[in-house]
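A short worksheet on the structure shown next.
Ligands are counted one by one from 1 in listed order, and the atoms in each one are counted from 1 as well.
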Amino acid sequence: MKRADLNPKAGHEIRIFGFTLTTLVLIALGLGIATGLVIKSFVTSEAVFSFLVDGVFRVGGEIFFSSLKMLVVPVVFVSIVCGVGSLEDVKKMGRIGGKALGLYTLTTAVAISIALLISNIINPGAGFHLKTPESFSPKEPPGFAEVLIGFVPANPFKAMADADMIQIIILAILFGVAMSMAKASGKRVLSIFNDLNEVIMKLVMIVMCIAPVGVFCLLGGVFAKQGFEAIAPLSKYFGTVMIVLVLHFGITYLGLLKFVARLSPVVFFKKFQEVMVFAFSTSSSNATLPANMEVSEHQLGVDNSVASFTLPLGATINMDGTAIMQGVATVFIAQAYGLDIGIQGYLMVILTAVLASIGTAGVPGVGLVTLAMVLKQVNLPVEGIGLIIGVDRLLDMSRTVVNVSGDAVVTCVVAKSEGLLDEKAFNA
Ligand code: ASP
């Protein structure tokens, strides 16, 4: 029998029994919904219902869920250490790095803000009326001073044990900076972290292999309790994410190119299409990186000294599409459970989604893992991820296109401002 193919050379597309993970997750989505609806309509015995829904589905769903949560801390910490630690010559690259970092952060903040705005107009989670999970007890949000103090990881091990993501991210950034400053010793540690990153990515792929079963159980459980009415709000969620992705690409990116870099968005789009298709089919910023570097340097005229630095940095820390999904998902989950996170909550979402996108590795599905951190930060039930996971693969493909495009746009803008973009080559 053919087992799961986890060969890195096969790209990040996992195959199980000859089927792609995408196919299996979609089948699981359909089967989960159908099974849930059948149980809801035909299972009249309370004992059988509870055995299936509170027993089988809950156990299967929770195991998958815990496996995803298991990945959060190592993925975020190691990915950020690798990204920040690879800023080799901090002084020489300071200005370019500063500009790139500033633009990456700014575009992500704009992306998440558009996402929150449009979601509050469309209301993707309205009509769900889910009960807050019993394990979840909303607490009063802490004051601003407490939040600020809470950013400091007083005890790094406690930060990891508690999965306190903001503390872990701050620790990872400081660790990465210190590593770049430590020259030869830092380089040795970085190479270990790069290897560790590879191993952790394999761990992500292993967990993704149980996704079809997890999706089936989670959706089966939801639809057995919820019924058919859950489908419409899901398509509303899907549509909202897609609308914001298109808006962000069309307004923010093409606007940056036209009005800041004074470059033709049409030329960029034409030349970059190939990379976008690559991103869409692989669902991975990392896998798209070689194609992105090739097109940026050889077709868009970006000097190697900029592209070789800003593109890998972007593939590691710049995930506008992911932040958009997380913004819409947060509003969707809050509305689905009938919870109001208030203005303070929205500001917190903007901050944490920017940080989460920094901590999201450029491989398929990780944005959903770091979404848990955003939800946790605003006291929303992380169980809500189970509602959207069934449509995530398609959204992952689409948001990766935006993630990768953002890296290239910022790279062009930075290169142009440094006089390191060959406009003749760009327009050729
Ligand atoms: N697949 C995305 C990327 O590689 C990350 C994510 O949102 O899961 O850019």
Side-chain angles (χ1 to χ4, degrees), residues 8 11-14 20-22 25 67-69 71-72 74-76 78-80 82-83 104 107-108 111-112 115 165 197-198 200-205 207-208 211 215 237-238 241-242 244-245 248-249 253 272 275-293 310-330 352-375 385 388-411:
H12 286 288
E13 187 57 273
I14 303 167
T20 64
L21 190 66
T22 314
V25 168
S67 312
L68 284 177
K69 284 201 275 188
L71 301 170
V72 178
V75 163
V76 171
V78 176
S79 163
I80 294 180
C82 289
Y104 282 149
T107 52
T108 309
I112 174 84
M165 282 305 130
N197 204 23
E198 278 294 307
I200 288 170
M201 287 314 133
K202 289 287 165 290
L203 195 59
V204 173
M205 287 165 78
V207 170
M208 290 317 284
V215 167
Y237 160 75
F238 189 91
V241 177
M242 293 303 284
V244 183
L245 288 177
H248 188 59
F249 185 91
Y253 291 164
F272 202 68
V275 183
M276 291 165 78
V277 172
F278 208 83
F280 190 75
S281 50
T282 61
S283 252
S284 167
S285 299
N286 285 357
T288 313
L289 191 54
N292 200 350
M293 291 182 82
T310 56
L311 287 176
L313 183 68
T316 313
I317 68 162
N318 183 52
M319 307 276 167
D320 293 2
T322 303
I324 287 169
M325 176 278 287
Q326 294 180 337
V328 178
T330 306
T352 32
V354 169
L355 295 174
S357 98
I358 292 173
T360 302
V363 294
V366 180
L368 211 59
V369 177
T370 50
L371 172 63
M373 146 194 169
V374 180
L375 296 176
I385 294 177
I388 52 171
I389 198 161
V391 290
D392 194 67
R393 183 66 188 183
L394 272 175
L395 288 179
D396 193 8
M397 295 161 87
S398 313
R399 68 179 179 250
T400 306
V401 173
V402 171
N403 290 345
V404 165
S405 305
D407 302 340
V409 168
V410 167
T411 295

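- In terms of polar-atom proximity, V366 is counted as a contact of ligand 1, with an N or O under 3.5 Å from an N or O of the ligand.
- Closest of all the heavy-atom pairs between S357 and A323 is CB-CB, 4.3 Å.
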Residue pair M276, V404: steps toward the side-chain contact (heavy atoms from CB on, under 4.5 Å) verdict: CA-CA 7 Å; M276 291 165 78; V404 165; over 6 Å; no
Residue pair V409, F272: steps toward the side-chain contact (heavy atoms from CB on, under 4.5 Å) verdict: CA-CA 10 Å; V409 168; F272 202 68; over 6 Å; no
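- Per-residue contacts place N403 under 4.0 angstrom from the following atoms of ligand 1 (heavy atoms of the residue considered): 2 (C), 3 (C), 9 (O).
- In this structure, atom 5 (C) of ligand 1 lies nearest to the protein heavy atom V363 O, 3.5 Å.
- Atoms of ligand 1 found under 4.0 Å from any heavy atom of T322 (numbered from 1 in listed order, with element): 5 (C), 6 (C), 7 (O).
- Residue M319 approaches ligand 1 through these ligand atoms, each under 4.0 Å from one of its heavy atoms: 9 (O).
- Using a 4.0 Å cut-off to heavy atoms of G365, the atoms of ligand 1 that qualify are 8 (O).
- Residue contact check: D396 has heavy atoms under 4.0 Å from atoms 1 (N), 2 (C), 6 (C), 7 (O), 8 (O) of ligand 1.
- Atoms of ligand 1 found under 4.0 Å from any heavy atom of S284 (numbered from 1 in listed order, with element): 4 (O).
- Residue contacts with ligand 1 for R399 involve side-chain atoms from C-beta outward but no N, CA, C or O (heavy atoms, distance under 4.0 Å).
- For the atom pair T107 OG1 and I112 CD1, the distance stands at 12.5 Å (nearest 0.5 Å).
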Chi angles and distances behind the side-chain contact (heavy atoms from CB on, under 4.5 Å) call for V401, F249: CA-CA 9 Å; V401 173; F249 185 91; 5.5 Å; no
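- Checking G367, G406, A315, S285 against atom 6 (C) of ligand 1, the nearest heavy atom belongs to G367.
- To the nearest 0.5 Å, the span separating CD on Q326 from OG1 on T352 amounts to 8.5 Å.
- With respect to R399, the side-chain contact (heavy atoms from CB on, under 4.5 Å) criterion is satisfied by exactly one of I324, V244, T322: T322.
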